[in-house]
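What follows is a short report on a single structure.
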Amino acid sequence: MVRFYDPSIDRKKEQVSKSLHTGHGVIPLPSAIEISPSGTCNRVCAFCPRSDPDYPDLKEFVTPALLDKLVSQAAEAGFAGIFIFSGFAEPLIDVNIYDLVALVRRRLPKTHIELVTNGDPLNEARLRRLFDSGLSLILISVYDGPEDFERLQALCRDAGLEEGRYVVRKRYLPPEEDFGITMSNRAGMMENAEHSRPSLSQALQRDCYYPSYEFFMDYNGDVLLCAHDWGKKLIVGNLNDRGFMDLWTSKLMMTVRRRVLNGDRNFDPCRICDVDGTLIGREHADAWLNFMGSPATEEAG
C-alpha cells in the first residue's frame with residue numbers, strides 16, 4: 001500500500017505518457033533512460049539499502065565513452081523521452097558530471113534531462129554550471145529538516161532558475177509518513193536497512209510496467225530489469241558487450257515483460273518486491289502487449 005504519494009510521480013507520468021514512440025515503426029521504445037553514474041553516495045539514509053552495513057560502496061564511475069555509446073545508440077533508435085541521472089548513487093560526487101550532462105545534451109538535443117541529488121554538494125556556481133551544461137530539471141531531496149529545505153529553495157531562486165526547473169522535496173518527514181518518499185522494499189534489499197522493510201513471502205499477483213517504459217543502466221554498463229533492483233539480482237546484459245536495442249528487445253526482457261504484464265511476478269527478484277509498478281507507464285504496457293501478442297513464457301526465474 002502506498003502511504004506517501006510523491007507529487008513528482010504525476011509529472012513523470014505525464015512526460016512518459018507523451019513520449020511513447022516506436023523504433024523501426026513497431027517496437028515500443030523506452031520513454032525514460034535512467035543511469036546510476038557511480039557506485040557511491042555521500043549519505044547513508046535510514047530508508048535506503050545503503051544503511052545495511054553490508055551494502056557495497058564503490059568509488060567507481062561511469063566512463064564518458066560508455067555514456068556516449070548509450071546516448072548515441074538511443075538517438076539512433078529514435079529515443080525522445082527523459083534521461084535521468086539518479087539510480088543508486090549521488091550524481092554530484094562525480095567531478096565529470098557537467099561533461100556527462102553536456103554529452104547527453106549534445107547527442108540528444110531535444111531530450112528532457114533530469115538529475116536527482118541530495119543537494120549536499122550544491123552551491124550557486126555548481127547549480128548554474130549544471131544548467132549551462134544542458135540540464136532541464138534538478139530534483140533536490142532534503143533530508144535534514146525545514147531549514148535546509150528553505151535554504152535550497154532560496155539557492156535555486158538566487159541562481160535564477162525558473163519554477164519548473166527545480167523541485168525541492170521534503171525527505172525528512174517521520175517514518176509514519178514514509179520519510180516523504182513513495183516507499184518500496186527495493187526488491188528485497190531493505191531487510192537489514194536501518195528502517196527495515198520485509199521481503200515478501202509470496203509474490204504479488206499484480207502487473208508491473210517498469211520494464212515496459214524504462215531502460216536502466218548501472219555505471220559499469222550492466223543493464224538491470226528496473227531501478228528498484230538495488231541488489232542487482234537480474235542483469236539483462238552489459239552495454240560494453242551489446243547494443244542498446246539488443247538489450248531492450250532481448251529474450252530475457254521480452255520474457256519478463258510478458259510475465260509481469262500478466263500479473264506474474266513469481267521469479268527473482270520480483271517475487272519478493274512490493275513496489276506498485278502501475279503508477280507510470282500504462283500506455284507502454286498496452287503497446288507491448290499489442291506488440292507481443294502472445295502469452296507469458298517460463299524463461300525467467
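Keep in mind that what you see is a predicted model, and the values were worked out from it rather than measured.
- In this structure, the separation between SG on Cys45 and CD1 on Ile181 is 9.0 Å, given to the nearest 0.5 Å.
- Sparse packing is recorded around NZ of Lys110, with 12 or fewer heavy atoms of other residues, nucleotides or ligands lying under 6.0 Å away.
- Residues satisfying the salt bridge (Lys or Arg N to Asp or Glu O under 4.0 Å) test with Arg11, not counting sequence neighbours, are Glu114.
- Applying the 4.5 Å side-chain rule to ILVMFWY residues, one finds Ile93 in the same cluster as Phe61.
- A donor and an acceptor atom, one from each side chain of Asn266 and Asp264, are nowhere located under 3.5 Å apart.
- Judged by distance alone, the side chain of Ser31 and the main-chain N or O of Ser19 form a donor-acceptor pair under 3.5 Å.
- Taking the salt bridge (Lys or Arg N to Asp or Glu O under 4.0 Å) definition, one finds that Asp222 meets it with nothing, sequence neighbours left out.
- Looking at residues two or more places apart in sequence or on another chain, you find a side-chain contact (heavy atoms from CB on, under 4.5 Å) between Glu194 and Ala46, Ser51.
- For the pair Ile33 and Ala74, the tightest heavy-atom approach, listed with the atom from each and the gap, is CD1-CB, 3.7 Å.
- Residues Val116 and Ser141 share a closest heavy-atom pair of CG1-OG, 4.3 Å.
- Within the structure, the side chain to side chain donor-acceptor pair (under 3.5 Å) test picks out the following pairs touching residues 125-136 (sequence neighbours left out): Arg105-Ser136, Glu124-Arg128.
- For Lys13, the side-chain contact (heavy atoms from CB on, under 4.5 Å) partners two or more places apart in sequence, or in a different chain, are Ile280.
- Considering only residues two or more places apart in sequence or on other chains, Thr278 meets the side-chain contact (heavy atoms from CB on, under 4.5 Å) condition with Asp207, Tyr209, Asp276.
- Residues in residues 93-115 take part in no ring pair (Phe, Tyr, Trp, His ring centres under 6.0 Å) pair, two or more places apart or across chains.
- Residue pairs meeting the ring pair (Phe, Tyr, Trp, His ring centres under 6.0 Å) criterion with at least one member in residues 148-194, sequence neighbours excluded, are Phe47-Phe179, Phe179-His195.
- Remark: Asn118 engages Cys41, Asn42, Arg43, Glu90, Asp120, Pro121, Tyr143 in a side-chain contact (heavy atoms from CB on, under 4.5 Å) (not counting sequence neighbours).
- A donor-acceptor contact shorter than 3.5 Å links the side chain of Thr117 to the backbone of Gly119.
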Atom pairs and distances, side-chain donor-acceptor, residues 78-89, under 3.5 Å, sequence neighbours left out:
none

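- Formation of a donor-acceptor pair under 3.5 Å by the Arg171 side chain with backbone atoms of Gly180 is found in this model.
- Inspection of the Glu191 and Ser196 side chains reveals no N or O donor paired with an N or O acceptor under 3.5 Å.
- At least one cation-pi condition fails for Arg282 and Trp288: the charged atom is not both under 6.0 angstrom from the six-membered ring centre and inside a 45 degree cone around its axis.
- Not one N or O on the side chain of Asn96 forms a donor-acceptor pair closer than 3.5 Å with the backbone of Asp99.
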Quiz: residues 210-218 side-chain donor-acceptor pairs under 3.5 angstrom, not counting sequence neighbours:
from	atom 1	to	atom 2	distance (Å)
Tyr210	OH	His228	NE2	3.0
Glu214	OE2	Lys12	NZ	3.4
Asp218	OD2	Lys232	NZ	2.7

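- Salt-bridge check for Arg186 with Asp229: failed, with every basic side-chain N at 4.0 Å or more from each acidic carboxylate O.
- Without hydrogens or angle criteria, Asp274 side chain to Asn185 main chain gives a donor-acceptor distance under 3.5 Å.
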